[in-house]
> 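This structure is in structure tokens; I'll ask about it shortly.
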Amino acid sequence: LKGSADIVAADGKIDATVSATGAIRNQAVDIQTNVVADHGAISLPSLKAQIGPNNVSGAVTLGKDFLPSGKINFDLPDVALLAAMAGQKAEGAIKGSADIASADGKVDARVTATGLIRNQTIDIAANVVSDHGAISLPSLKADIGANTVTGALSLDKAFLPSGQFSF
């Protein structure tokens, strides 16, 4: 990767515009973002990342407690490429978004995704919550081809599960 960062600091605030291009595993990479540090909070008010044909965009803020809020959109027409970069295998395409909210030590993410995996259509809607170390999936609905999974799951601080799924 090769890039640049233009940095401006004033009144306890640091604002950096970052640009990077290059290649990872023979795939073109283009990253454009703005990073702002403002009195303990860090935000990416604009994020655009392209790896080959795959795109991620959005805006995210990490509050003083480092918990995230914002929205991320993703369009991954070639998941095989991303999986290969991680040394894994997968095939298909997926696009969707994650809306993330944080307050009082709790992170609440609502994720939706649609696509095609191994020639099967997928449609996923999930709510994922992290609350002071406990993780839950209060709602999940996943349609994969003719198959459907719905349910809810909680993991306590020791990661012991409880919940119910229907399929």
> Mark yes or no for whether D78, through its side chain, and L76, through its backbone, hold a donor-acceptor pair below 3.5 Å.
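Not at all, since once roles are kept as given, no pair shorter than 3.5 Å links the two residues.
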
> Hey, could you give me each pair passing salt bridge (Lys or Arg N to Asp or Glu O under 4.0 Å) that has a residue in residues 117-140? Not counting sequence neighbours.
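For residues 117-140: none.
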
> Kindly say whether P161 contributes a backbone atom to a donor-acceptor pair with the side chain of D156 at under 3.5 angstrom?
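No, D156 side chain to P161 backbone: no donor-acceptor pair under 3.5 Å.
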
> So, does N34 use its side chain to make a donor-acceptor pair with the main chain of A16 at under 3.5 Å?
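Looks like yes, one N/O pair under 3.5 Å.
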
> Listing request: all salt bridge (Lys or Arg N to Asp or Glu O under 4.0 Å) pairs with a residue in residues 1-20, at least two apart in sequence or in separate chains.
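Output for this query is empty, none listed.
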
> Checking H39 side chain against K64 main chain: does a donor-acceptor pair fall under 3.5 Å?
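No, H39 side chain to K64 backbone: no donor-acceptor pair under 3.5 Å.
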
> Q50 side chain to G52 main-chain N or O, any donor-acceptor pair under 3.5 Å?
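Indeed, once roles are kept as given, a pair shorter than 3.5 Å links the two residues.
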
> Quick one, V35 with I42, criterion side-chain contact (heavy atoms from CB on, under 4.5 Å). Give me CA distance, side-chain angles, the key distance, then yes/no.
CA-CA 7 Å; V35 181; I42 298 174; 4.2 Å; yes

> Find out if a path of hydrophobic residues (ILVMFWY) with successive side-chain heavy-atom gaps under 4.5 Å connects L140 to I94.
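Result: yes, single cluster for both.
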
> According to the salt bridge (Lys or Arg N to Asp or Glu O under 4.0 Å) rule, which pairs have a member within residues 134-151, sequence neighbours left out?
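As it turns out, the salt bridge (Lys or Arg N to Asp or Glu O under 4.0 Å) pairs with a partner in residues 134-151, which skip direct neighbours, are K141-D143.
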
> Can you tell me if S69 uses its side chain to pair, donor with acceptor, with the backbone of S102 under 3.5 Å?
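A pair under 3.5 Å: yes.
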
> Determine yes or no for a side-chain-to-main-chain donor-acceptor pair under 3.5 angstrom, with S166 supplying the side chain and T150 the backbone.
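Such a contact is absent between S166 side chain and T150 backbone.
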
